[in-house]
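In what follows, every chain begins at residue 1, and chains take the letters A, B, ... in the order their sequences are listed.
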There are 2 protein chains.
Amino acid sequence: MSVLKRIYQHPLLSPEDVNTIINAHEKVHFKKGDYLLKKDQIAKKYFCVEKGLIRSYVYDYEGNDITTGFVGENELAIDVISLFHEIPAVEYFQALTDCECYSIPLNDFQILYHSIKGFNEWGRAWMSGSLFELKQRTISMITESASERYKTLRSKHPQILQQSPLKYIASYLGITDTSLSRIRKELVRES
Amino acid sequence: MSVLKRIYQHPLLSPEDVNTIINAHEKVHFKKGDYLLKKDQIAKKYFCVEKGLIRSYVYDYEGNDITTGFVGENELAIDVISLFHEIPAVEYFQALTDCECYSIPLNDFQILYHSIKGFNEWGRAWMSGSLFELKQRTISMITESASERYKTLRSKHPQILQQSPLKYIASYLGITDTSLSRIRKELVRES
DNA sequence: AAATCCACTTGCCATAAGACAAGAAACTAC
DNA sequence: GTAGTTTCTTGTCTTATGGCAAGTGGATTT
């Protein structure tokens, strides 16, 4: 099944709605290092990732960039809050590898979003899913140790470990690349 | 204006709807130390806080309890995800002081929630507001230092500093009570 | 009033984590 | 090929943070 069919599966979207929406999409390519969205911009679109890896990040109070999330294949690169509340983004979204994505042009998106009732609902569902995931992550940052979080990431999203430099994974886990390197050494020793 | 009128202000709730909803509420008292919701329970109701202070917390991987949030007067003590998704809570909600709250009995809530269209919308608005706040907090935990976060809390929610023991505020800020004590000392020295 | 309990501060010490830097290995470019 | 990046590891050293414990001051109880 295509990326888009997968992403637009929703009880309130009929196959015809889905087709209408899918047909409004156009292919977009990003080169490694390209920005999909920058801090202070208002998100006007989102991207369905078919191939590649994207990371979101912010700068901490010491100027280090801290990874806040990864978006892999068959996932959506979307700043839910910026897009649906029309407020400036607080994060940067940058391609870690060359990427192939699909996106709806702003105009079509706005028309469809307001005319197809289920599309609206689909947006709300994304909002609620985002809340769920963010909460989970917040809790896991507290209740799990860095090495546990690493092991979880390794088992649930192995492709990230393959495609992302260590330093970005480290900051995602809340530690430095040095510490992560030592955690990995420790894990090898254990097995 | 009463707590309830304040909380149920919403463009899609007519004054009559609001009255219907408000009349379904009953007063609930909590003693200091009482639990409003415990981990692994599915939230069946939420509480409109008229007087007192509530805190939510989880246990970290070393067994320390970590404050995840405070709920003050005129605010809602609600686990949005547990309530609307009907899944077990991950946090504990506990009264830090004696509290006076309002709550709808489960039955009435379910009936009104599904029959008053705007009530439904009100629930969604809370979901989206929760996402916004959680994101803000996540970002501030990264982009601000502990002492900056303390200063922000002090200026935005001074009543929390009055009503909560230092150790709970400290864990909310991501540090120990010892460290917070030193930060406060430093801030006094500065001024 | 004495005895407890908590909340908070503060000093001392231990330690986990980060800063820094060097070096190996892989990859890219010319 | 060689030079230049970038990634990752690893050693040493430093430091911020936490653990522990003592001590003060308030509040509460008996």
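- Listed pair B:Thr176 / D:dG18 meets the phosphate criterion, a side-chain N or O lying under 4.0 Å from OP1 or OP2.
- Taking the six-membered ring where the residue is Trp, A:Phe84 and A:Phe109 present tilted rings, their angle falling between 30° and 60°.
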inquiry  = Does the protein touch nucleotides 21-30 of chain C at the base, only the backbone, or not at all? Give it as B, S and - per nucleotide, heavy atoms under 4.0 Å.
reply    = ----------
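- Residue B:Leu161 is found in a hydrophobic cluster whose other members, listed by chain and number, are B:Leu53, B:Phe70, B:Leu96, B:Tyr150, B:Leu153, B:Ile160, B:Leu166, B:Tyr168, B:Ile169, B:Tyr172, B:Leu173, B:Ile175, B:Leu180, B:Ile183, B:Leu187; membership requires side-chain heavy atoms under 4.5 Å apart, directly or through intermediates.
- With sequence neighbours excluded, the residues satisfying side chain to side chain donor-acceptor pair (under 3.5 Å) with A:Thr152 are A:Glu144.
- Residue B:Leu173 contributes atom CG, which lies 13 Å from atom P of D:dT17 at whole-angstrom precision.
- Across D:dG18, C:dA17, D:dT10, the shortest atom-to-atom separation from the side chain of B:Ser179 is found for D:dG18.
- Here the C1' atom of nucleotide D:dG18 and the CG atom of B:Leu180 are 14 Å apart, to the nearest Å.
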Sort me out a list of protein N/O and nucleotides 23-30 of chain D N/O pairs below 3.5 Å, or just none if empty.
none

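- Checked against salt bridge (charged side-chain N to carboxylate O under 4.0 Å, His left out), B:Arg124 has the following partners two or more places apart in sequence or in another chain: A:Glu121, B:Glu121.
- For the segment residues 61-73 of chain B, the set of residues with a heavy atom within less than 4.0 Å of an atom of DNA chain C is empty.
- Between B:Lys32 atom NZ and C:dC6 atom P there is a gap of 9 Å when expressed in whole angstrom units.
- Checked against D:dG11, C:dT9, C:dG18, the side chain of A:Lys185 finds its nearest nucleotide in D:dG11.
- Taking the six-membered ring where the residue is Trp, B:Tyr46 and B:His25 present perpendicular rings, their angle passing 60° and hence far from 30°.
- Residues passing the side chain to side chain contact (heavy atoms under 4.5 Å, CB included) test with A:Thr176, sequence neighbours excluded: A:Thr178, A:Ser179.
- A:Asp177 places its CG atom 10 Å from the C1' atom of C:dG18, with the value rounded to the nearest Å.
- A heavy atom closer than 4.0 Å to some atom of DNA chain D occurs in A:Pro165, A:Leu166, A:Lys167, these being the qualifying members of residues 142-167 of chain A.
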request  = Please lay out, stage by stage, how B:Tyr92 and B:Val58 fare under the test side-chain contact (heavy atoms from CB on, under 4.5 Å).
outcome  = CA-CA 6 Å; B:Tyr92 297 83; B:Val58 298; 5.9 Å; no
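- Contacts of A:Ala24 classified as side chain to side chain contact (heavy atoms under 4.5 Å, CB included), with partners at least two apart in sequence or in another chain: A:Ile104, A:Asp108, A:Leu112.
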Any protein N or O atoms within reach of nucleotides 12-15 of chain D? Criterion: under 3.5 Å, listing atom names and distances.
residue: D:dT12; atom: O4; partner: A:Arg182; partner atom: NH2; Å: 3.3

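- The pair B:Glu86-B:Lys44 fails the salt-bridge criterion, with no side-chain N (NZ, NE, NH1 or NH2) lying under 4.0 Å from an Asp/Glu carboxylate O.
- Remark: A:Lys117 engages no residue in a side chain to side chain contact (heavy atoms under 4.5 Å, CB included) (not counting sequence neighbours).
- Axis angle between the ends of the helix from C:dA1-D:dT30 to C:dC30-D:dG1, five pairs each and rounded to 10 degrees, works out to 30°.
- Separating the CD atom of A:Glu186 from the C1' atom of C:dA17 is a distance of 15 Å, rounded to the nearest angstrom.
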